[in-house]
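Notes follow once the structure below has been shown.
Numbers here simply count residues along the sequence, with the first being 1. This structure is a prediction, so every number in the text was calculated from the model and none was measured. Order of appearance sets the numbers: ligands from 1, and atoms from 1 within every ligand.
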Amino acid sequence: MTDQTTHSASYDTSLRRSDAIWQQIEKDPSGLRMLTGDRPTGALHIGHYFGSLRNRVRLQEAGVETWLIVADYQVITDREVIGDIKGSVRELLTDYLAVGIDPARSTIFTHSAVPALNQLLLPFLSLVTQPELERNPTVKAELQAAGRSAMGGLMLTYPVHQAADILFCHGNLVPVGRDQLPHIEQTRVIARRFNERYAGGEQVFAEPDALLSEAPTILGLDGGHKMSKSLGNTVMLRMSSDETAKKIKKAKTDSEREITFDPEGRPEVANLLTIAALASGSTPEAIAAEIGDAGSGTLKVRTAEALNEHLAPIRARRAELEQDPGYLFEVLRDGNERANEIAGATLARVREVMGMVY
Ligand code: TRP
């Protein structure tokens, strides 16, 4: 089997498993601890929002214990310049809180402030092999996207670091996109091998599940591409309603007046319909039918209106947060403290089962 086929087989399994988990969450979320996060490389856009942030808020609201990692060491896997990392962390924190992550119920923390988490990387690295690491399709794709020929040591091993991100707090639910599935699989393998090899079969670490989002992927506004800040084809969450309307107005469409939802044949029109549907809780087909032969100008106006209405409360919270920049880092320090507590306890347990208590 090639990487591709194993990948899609595990995708199908993960989708089915995700459905079952969503049902469980609705019935009884106790015992579930979600851990997920982002690399702090700057502000987030509506693709991030509809694809993952909104899902996290939904899980938090459903009563799932929520841990969010700002993966600052992961920034330096595929680039040489770290840039304004503090500024990027601030942007990410602002986006998190603006969309509705509640620091009273969720723990937000960074890699660099939690030494015991990072130390777990050492025993975990002993549990994986070089060919295993080199096979990871997401790491391979990222190396290629970075335009590098030589794989950096951190790039090669960051999926193991990510296993530490998840396992240090005994996260058992990891909401992620499809590209992260190889990392979750790697985490499961590490948990299993740790228990077998170092803990005599005792369940020190449970194997976490990926939770895939049901939302369709949003494309860039220039058609075809993925939404990506560096391509300038996005609506950033921090944009004003005017900027948003302008961006949508400039989106690529086609000249056919009749608006139809045809993702294969008319990807640009379908993309706007998808955005409008996600923002308004309707379906792309229903919105297309309403617009009928009014053309893509009308589609753009409708999409911008739906999006602006949806984003209004998020913008209001952002404006409040911007009044008090110190507060964001207070939230982070608080989260780091909680993360350090649990990381210390986990590392102590790891040392104990490994016989490294002197
Ligand atoms: N690799 C993830 C991304 O690029 C970010 C991340 C870091 C993460 N650690 C994690 C996601 C742990 C889930 C769990 O989006």
Report task. Fit a plane to each ring of His183 and Tyr158, take the angle between them on a 0 to 90° scale, and name the class: parallel (under 30°), tilted (30 to 60°) or perpendicular (over 60°). Result -> perpendicular
Query - Distance filter under 4.0 Å to Ile69 heavy atoms, resulting ligand 1 atoms - result: 9 (N), 10 (C)
Query raised in the report: Based purely on interatomic distance, does Tyr158 place a nitrogen or oxygen under 3.5 Å from a nitrogen or oxygen of ligand 1?
Result: no
Report task. Give a yes or no on whether the ring-centroid distance for His161 and Phe124 is below 6.0 angstrom. Result -> no
Query raised in the report: Any N or O on His183 sitting closer than 3.5 Å to an N or O of ligand 1?
Result: no
Query - Contact atoms of ligand 1, heavy-atom distance to Val174 under 4.0 Å - result: 13 (C), 14 (C)
Query raised in the report: Looking only at protein heavy atoms, which one is nearest to atom 2 (C) of ligand 1, and how far off is it?
Result: Gln180 OE1, 3.4 Å
Donor-acceptor pairs under 3.5 angstrom involving side-chain atoms of residues 333-347: please list them, not counting sequence neighbours.
unit_1: Asp334; atom_1: OD2; unit_2: Arg338; atom_2: NH2; d: 3.3
unit_1: Asn336; atom_1: OD1; unit_2: Thr110; atom_2: N; d: 2.9
unit_1: Asn336; atom_1: ND2; unit_2: Leu332; atom_2: O; d: 3.4
unit_1: Arg338; atom_1: NH1; unit_2: Thr107; atom_2: OG1; d: 3.1
unit_1: Arg338; atom_1: NH2; unit_2: Pro103; atom_2: O; d: 3.4
unit_1: Asn340; atom_1: ND2; unit_2: Ala113; atom_2: O; d: 2.9
unit_1: Asn340; atom_1: ND2; unit_2: Asn336; atom_2: O; d: 3.0
unit_1: Thr346; atom_1: OG1; unit_2: Phe168; atom_2: O; d: 2.6
unit_1: Thr346; atom_1: OG1; unit_2: Ile342; atom_2: O; d: 3.0

**Report entry** Within-cut-off N or O pair, Gln162 and ligand 1, under 3.5 Å
**Finding:** yes
Requested in this report: Just do the side chain to side chain contact (heavy atoms under 4.5 Å, CB included) check on Leu97 and Ile108 with the steps written out, would you?
Outcome: CA-CA 10 Å; Leu97 299 198; Ile108 308 173; 3.9 Å; yes
Query raised in the report: Which of the atoms of ligand 1 are close to Thr36, meaning less than 4.0 Å from one of its heavy atoms?
Result: 11 (C), 13 (C), 14 (C)
Report summary line: The atoms of ligand 1 lying under 4.0 Å from a heavy atom of Ala71, numbered in the order shown, are 7 (C)
Query raised in the report: Under 4.5 Å between any side-chain heavy atoms of Phe50 and Met227, yes or no?
Result: no
Query raised in the report: Does Arg135 come within less than 4.0 Å of Glu185, counting only side-chain N to carboxylate O?
Result: no
Requested in this report: For ligand 1, find out whether one of its N or O atoms is nearer than 3.5 Å to an N or O atom of Arg39.
Outcome: yes
**Report entry** Check: His48 side chain, His45 main-chain N or O, donor-acceptor pair, under 3.5 Å
**Finding:** yes
Requested in this report: Walk me through it: do Glu305 and Val301 pass the test side chain to side chain contact (heavy atoms under 4.5 Å, CB included)?
Outcome: CA-CA 6 Å; Glu305 276 172 6; Val301 171; 3.6 Å; yes
Query raised in the report: If you measure from each non-hydrogen atom of Asp165 to ligand 1, which part falls under 4.0 Å: side chain, backbone, both or neither?
Result: side chain
Query raised in the report: Which of the atoms of ligand 1 are close to Leu35, meaning less than 4.0 Å from one of its heavy atoms?
Result: 12 (C), 14 (C)
Report task. For atom 7 (C) of ligand 1, grab the closest protein heavy atom and report residue, atom and distance to one decimal in Å. Result -> Gln74 NE2, 3.2 Å
